[in-house]
Amino acid sequence: MIMKMSQLYIPTLKEKPVEAETPSHELMLRTGMIRRVAAGIYSFLPLGYKVVRKVEKIIREELEKAGAQEVHLPLLHPAELWQESGRWAEMGDMMIRLCDRKKREFCIGPTHEEVMTDLIRYELKSYKNLPQNFYQIQTKVRDELRPRFGLLRSREFSMKDAYSFHTTWESLDQTYQDMHDAYCEIFRRCGLNYRVVEADTGPMGGTDSHEFMVLADTGEDSVLFCNLCGYAANIEKAGSRVEFKGEKIDNPGKEEIYTPGITTIEQLEKALELPGEYLYKTLLYRGESGYYLAIVRGSDQLNENKLMALLGDPLLHLAEEGYGNLPAGFLGPQGEHGLKIVADELVMNMDWGVAGANREDYHVKGIVPGTDFTPAFTGNIRNARPGEKCLECDGKLEEIRGIEVGHIFKLGKKYSEAMGANYLDENGHSHPMIMGCYGIGVTRTVAAAIEQNHDNYGVKWPLPLAPYQVVLLTLGGDQALKEESEKLYQGLQEMGVEVLWDDRPERPGVKFNEADLLGIPLRITMGKKFLESGKLEVKDRFHDQDHLLGQEQVLDWIRNYCIKEGVS
RNA sequence: CGGAGCGUGGCGCAGUCUGGCAGCGCGCCUGCUUUGGGAGCAGGAGGUCGAAGGUUCAAAUCCUUUCGCUCCGACCA
């Protein structure tokens, strides 16, 4: 294998590309790992692809250990499969659709539940063949609303997805736990600082779900975790206990107030000098099952995922078109509007509050929950916030940022029922299979690793993911140096170490800076000082430590280092 | 989808208001010098100025259309 820099194509950039917003995006472009082809679509160059393969290798090893079998499903899916599961409509614009020459409709797979379920429903018919767990590493295409941050949110990306099929919930629980453990081992072996959190199942459907978050300040996800008991959940899912701390305000009685042009909670708080806890935030939603008025306290944020889960309606969205004569910006739960009301549980604890009067430019004071309106549904439909109390213990919730690199779900029978994936039990009776699904964003993991491990000079690869373990810098054109470098280069290769030899006739400054930028964990320098002293400088870029070693020690030292860092 | 902005050599940008030889820095090629933290000098290659149409003696620049890209928002009514 070529590992001489003079022959490799590693086009580094001195300047920061304008498009780069986050460290991983900037550094992947600058180190010549990736290049942008279109919005949210990237090519991998040799250096970048080496890292991708490292992640894939770790994933394959751990999943095979956990008993999963590798398959490869198609990129292009016929529309019928998605119509069968109902997701042809649910997916909306997220899915890229196209027609073949016969005008038959297809989509490019954003995920593979349908195709996987389709595959096994014809093949797996007996309880004797279950459970089974299949995985693949595949390119997914999702037409993101706004691709950004390079590989952290791209439209085309590599994902490992796995699907398991069971006869019992206990069997699913077992595989779910095995996958959970395999994921922990995968991210540990990648050298990443991660956390497992409870998660919302979102549009995938199902019951239990956990996300694997790589911790990084630039992460797009917020995690709430308890400082006492270790409870951790995505903010989309997290529950909390809330104690009312504000001043009690007496109910002023029912009274209409003139509030011209005041359509936001923020404006209303100012105009009335009332805290958000005394305001009703009333939102009009439309879904498959009709229109709803969703109510949360003015101080809270509605969580659409929780709302959809509560109503069992996955297609809910804000009804911007309005409803009847109800004036947007002045909605309230009270009165005869004929809409079903969904109230957050904290709303029901309010003594009274101000709501829109359901007529332009007016609000009403003194609206009492349970008296002036009766919700058809109540539940937790608000976002929990840091500082609130843990549901499990007396601890307080704190917020950290994370990047979602893995997600596991207990799907249940959603797809098997919709698509008729049934098996026959001991008595010859037919039942839908119980399913689980398990994803890891491969390319996102690469980006997340950089997001978590970098400094002002460049990337700092954890050894297991590093494209090369060692970079050897030969400074100057001295013949003896070249020969010694060649010997060391050969020696390292024979030992199985991936060594990048910077044998280019570049100036030392260029080599040092590029070595720092590329972030290879160990840097060996062979220059003037070596000729004078016979000692080699080994810099540990990851831990930022320098070592001066005798020529004969180097190979052993590196072997031990690799073992210590989990690479053999 | 709403708002804002940007498309000029591989990358970063100036030039556009006020029409008149297409420029600068980095990178790239050649030569000489230099060689322990992104070198110096000299010479050179590389552009249908996003695309189409129009105005004009003359368009990167003005007008029209269109495509692409980036940022903010798109659930707090």
Side-chain angles (χ1 to χ4, degrees), chain A residues 9 11-22 25-26 29-30 32 35-41 45 92-93 145-150 155 236 259 261-269 276 279-286 292-308 316-323 326-333 344 355-358 360-361 363 381-383 456-458 473-478 481 502 504-518 523-533 536-537 539 546:
Chain A
Y9 188 57
T12 59
L13 300 174
K14 236 190 241 188
E15 293 171 75
K16 173 180 168 178
V18 272
E19 65 194 83
E21 286 186 273
T22 55
H25 192 191
E26 173 191 339
L29 289 165
R30 286 187 54 204
R35 287 291 184 263
R36 195 181 68 102
V37 176
I41 300 175
L45 280 63
D93 292 333
L145 201 51
R146 243 185 86 192
R148 59 184 123 177
F149 309 136
R155 293 197 293 178
E236 303 272 275
T259 49
I262 295 185
T263 59
T264 67
I265 292 291
E266 211 170 283
Q267 293 167 339
L268 200 61
E269 279 185 9
L279 306 174
Y280 293 103
K281 188 181 285 184
T282 309
L283 305 160
L284 179 64
Y285 271 85
R286 181 165 58 101
Y292 297 91
L293 277 182
I295 324 285
V296 294
R297 301 187 308 172
S299 51
D300 286 333
Q301 291 204 331
L302 179 79
N303 181 317
E304 287 190 344
N305 292 312
K306 291 182 181 177
L307 185 67
M308 288 189 261
L316 276 181
H317 59 272
L318 210 61
E320 308 197 29
E321 74 276 11
Y323 181 83
L326 292 179
F330 300 94
L331 297 177
D344 185 70
N358 290 327
E360 194 88 27
D361 291 341
H363 281 79
I381 56 171
R382 67 187 277 280
N383 277 339
N456 289 336
Y457 301 102
L473 305 192
T474 304
L475 305 184
D478 186 283
L481 265 185
D502 192 347
R504 300 171 303 169
E506 288 289 345
R507 296 168 58 80
V510 174
K511 295 194 180 196
F512 284 128
N513 279 302
E514 288 203 352
D516 287 345
L517 178 66
L518 296 185
R523 182 189 80 194
I524 305 177
T525 309
M526 269 203 166
K528 209 165 53 188
K529 288 184 198 163
F530 169 73
L531 289 178
E532 289 162 0
S533 67
L536 288 165
E537 294 160 76
K539 179 182 172 185
D546 294 310

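Predicted model only: the values in this text are computed from it and were never measured. So that the names make sense, note that chain A is the first sequence line, chain B the second, and so on, each numbered from 1.
Out of B:G37, B:G12, B:G27, the shortest distance to the side chain of A:F512 is found at B:G37. With distances taken from any side-chain atom of A:A39 to the nucleotides B:C71, B:C11, B:C69, the minimum falls on B:C69. Listed nucleotides B:A39, B:C69, B:G36 differ in distance to A:R36; the shortest reach to its side chain belongs to B:C69. Comparing atom distances between the A:K281 side chain and each of B:C69, B:C76, B:G38 picks out B:C76 as nearest. Closest to the side chain of A:E514, out of B:G36, B:C26, B:G38, is B:G38. In this structure, of B:C76, B:C69, B:G25, it is B:G25 that holds the atom nearest to the side chain of A:E15. Each of B:G37, B:C71, B:C76 was ranked by its minimum atom distance to the side chain of A:L302; first place goes to B:C76. Here B:U35 is the nucleotide among B:C76, B:U35, B:G25 with the atom lying nearest to any side-chain atom of A:R507. Nearest to the side chain of A:L145, among B:G25, B:C69, B:A74, sits B:A74. When each of B:G38, B:A74, B:G12 is scored by its nearest atom to the side-chain atoms of A:R30, the top-ranked nucleotide is B:G38.
The backbone N or O of A:D300 lies less than 3.5 Å from a partner atom in the side chain of A:K281, making a donor-acceptor pair. No donor-acceptor distance shorter than 3.5 angstrom exists from the side chain of A:K306 to the backbone of A:N383, with no hydrogens or angles considered.
Heavy atoms of A:E537 sit under 4.0 angstrom from at least one base atom.
Rounded to whole Å, the C1' atom of B:C41 lies 22 Å from the corresponding atom of B:G46. B:G23 sits 13 Å from B:G47 when the P atoms are compared, rounded to a whole Å. Comparing the C1' positions of B:C57 and B:A52 gives a spacing of 23 Å, expressed to the nearest Å. Here the separation of B:U33 from B:C69, taken at their P atoms, is 49 Å to the nearest Å. Spacing between B:C21 and B:C49 at atom C1', rounded to whole Å, works out to 15 Å. Taking atom C1' on both nucleotides, B:U18 is separated from B:A45 by 35 Å, rounded to a whole Å.
The residues A:K539 and A:D516 are annotated as salt-bridged, a charged nitrogen and a carboxylate oxygen being separated by less than 4.0 angstrom. Contact check on A:E21 versus A:R148 returns no salt bridge, with no Lys/Arg side-chain nitrogen under 4.0 Å from an Asp/Glu carboxylate oxygen.
Along RNA chain B, the nucleotide closest to A:R523 and the one closest to A:K16 are compared, and the more 5′ of them pairs with A:K16. Map A:N303 and A:G527 each onto its nearest nucleotide of RNA chain B; the residue landing nearer the 5' end is A:G527.
Here A:K14 reaches the OP1 or OP2 of B:G27: one of its side-chain N or O atoms lies under 4.0 Å away.
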